[in-house]
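What follows is a short report on a single structure.
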Amino acid sequence: MQFETILFSLEASVARLVLNRPQRLNAFTVTMHHEVAVALDSLLDGHDARVLLLTGSGRGFCAGQDLSERNPESAEALDLGANIDAFYNPLIKRLTELPLPVVCAVNGVAAGAGVNIALACDIVVARKSAQFIQSFANIGLLPDSAGTWILPRLIGPARATALMMTGDPLNAAQAADWGMIWQAIDDEAFEEHVESLVRRLAVAPTRAMVAIKNAIKASSTASLADQLDRERDLQRMLGRTEDYREGVSAFKEKRKPNFVGR
Ligand code: T3D
């Protein structure tokens with residue numbers, strides 16, 4: 001597929017979505033929202049992708065909303081809520097509901113919604129030189145794109161509140177230490193590391209990956225009893241997959257499993 005603001009490809013079961021407006025640190029425009037939506041929707045069914053890699057081109061990952069699309073002096077009343085309804089909320093839902101694992105490779109600075117879009121992915125790895133900036137308060141806003149839901153759950157309300165109120169940058173190593181992301185990787189080793197991670201997930205038992213992410217997401221609002229029931233139901237479903245049969249056979253035959261994602 002050809003796009004104006006993103007690069008999107010699918011090869012060897014790995015889908016790659018690259019935010020591609022490097023001159024604006026990959027800030028989101030309406031066009032980018034539309035194009036990302038088309039790309040993500042193409043991964044809902046009828047494809048052979050088993051992992052999605054989301055990253056940015058150039059020196060940044062994503063600087064959130066492109067502020068050149070906002071004119072605070074305009075006589076017309078701004079309704080940011082309408083924009084959130086139309087674009088950011090559906091984007092977070094699309095990302096979190098994709099039926100495959102989603103890796104976010106934070107290749108450089110992430111600011112505003114850019115941070116929270118990254119945190120909505122299943123596994124987040126970042127270059128050591130990357131920074132995460134909840135910059136919303138710098139322009140008089142609160143974090144959106146599920147930031148106020150995800151971040152306190154990852155690092156606790158004390159740290160989340162301070163990061164959001166100060167807009168101070170958080171470096172990748174500290175983000176990893178705090179459990180906000182999975183790993184901070186030396187810049188020189190970053191691309192190879194990301195490649196090896198996505199290739200590994202591309203041959204993982206995809207339905208188990210999806211069950212894991214869905215169970216973990218559901219756990220934040222579920223009771224223990226509900227979660228035990230959910231685990232039972234998902235395990236029942238997984239126990240009927242080809243990949244489970246293959247996993248157990250491979251274990252018994254002392255060989256590497258050949259998972260097919262079914
Ligand atoms: O509006 C709604 O719909 C509500 C939803 C809001 C969601 C949001 O994301 S609100 C938050 C919007 N984002 C920001 O406030 C971040 C703004 N950017 C920055 O604070 C800084 O650029 C960074 C901290 C991210 C990086 O700083 P630095 O010094 O490394 O780079 P820079 O020089 O500021 O940026 C490089 C270029 O990108 C620059 O353009 P220029 O001067 O070279 O022509 C800069 O203007 C441009 N840029 C960076 N961020 C944005 C942007 N242009 C438009 N919109 C941006 N968000």
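Note that ligands are numbered from 1 as they come in the structure, with each ligand's atoms numbered from 1 the same way.
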My question is simple, although I want it checked carefully: is [atom] less than 4.0 angstrom from any protein heavy atom?
atom: atom 36 (C) of ligand 1; result: yes
atom: atom 30 (O) of ligand 1; result: yes
atom: atom 46 (O) of ligand 1; result: no
atom: atom 42 (O) of ligand 1; result: no
atom: atom 20 (O) of ligand 1; result: no

Minimum heavy-atom separation for Ala211 to Leu238, with atom names?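 Minimum heavy-atom contact is CB-CD1, 3.9 Å.
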Applying side chain to side chain contact (heavy atoms under 4.5 Å, CB included) to Phe136 and Met164, what does each step give before you reach the verdict? CA-CA 7 Å; Phe136 301 84; Met164 290 174 180; over 6 Å; no
With a 4.5 Å limit on heavy-atom distance, are the side chains of [X] and [Y] in contact?
X: Ile181; Y: Val125; answer: no
X: Leu170; Y: Trp178; answer: yes
X: Glu246; Y: Val260; answer: no
X: Cys121; Y: Leu95; answer: yes

With a cut-off of 4.0 Å, which atoms of ligand 1 are near a heavy atom of [X]?
X: Leu80; value: 1 (O), 2 (C)
X: Gln23; value: 37 (C), 38 (O)
X: Asn83; value: 2 (C), 3 (O)
X: Ser135; value: 14 (C), 15 (O), 16 (C)
X: Gly64; value: 9 (O)
X: Ala111; value: 25 (C)
X: Phe136; value: 7 (C), 8 (C), 9 (O), 10 (S)
X: Ile133; value: 24 (C)

Side chains of [X] and [Y], donor plus acceptor under 3.5 Å:
X: Asn214; Y: Glu97; answer: no
X: Ser129; Y: Asp187; answer: yes
X: Ser223; Y: Asp226; answer: yes
X: Gln235; Y: Arg232; answer: no

Nearest neighbour in protein (non-hydrogen) for [atom]:
atom: atom 40 (O) of ligand 1; result: Arg24 NH1, 3.1 Å
atom: atom 33 (O) of ligand 1; result: Arg59 NH2, 4.0 Å
atom: atom 7 (C) of ligand 1; result: Asp144 OD2, 3.4 Å
atom: atom 55 (N) of ligand 1; result: Leu67 N, 2.9 Å

Under 3.5 Å, N or O to N or O, is Leu25 touching ligand 1 that way?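 No: no nitrogen or oxygen of Leu25 is under 3.5 Å from one in ligand 1.
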For [X], state whether at least one heavy atom is located under 4.0 Å from any atom of ligand 1.
X: Asp66; answer: yes
X: Glu69; answer: no
X: Gln131; answer: no

Could [X] and [Y] be called an ion pair, given the rule that one side-chain N must be under 4.0 Å from one carboxylate O?
X: Arg200; Y: Glu195; answer: no
X: Arg94; Y: Asp41; answer: yes
X: Asp66; Y: Arg21; answer: yes

Proximal candidate to atom 13 (N) of ligand 1 [heavy atom criterion; set Ala63, Ala86, Ala137, Gly140]: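 Result: the heavy atom closest to atom 13 (N) of ligand 1 is in Ala63.
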Report the member of Arg70, Gln65, Arg21, Gln134 with the shortest heavy-atom distance to atom 57 (N) of ligand 1.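 Closest candidate by heavy-atom distance is Gln65.
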Can you tell me which portion of Ala113 lies within the under-4.0 Å heavy-atom range of ligand 1? Options are side chain, backbone, both, or neither.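 It is both parts that get close, each with some atom under 4.0 Å.
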Can you tell me how the ring of Phe87 sits relative to the ring of His33, calling it parallel under 30°, perpendicular over 60° and tilted otherwise?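 Rings of Phe87 and His33: parallel, as their planes differ by under 30°.
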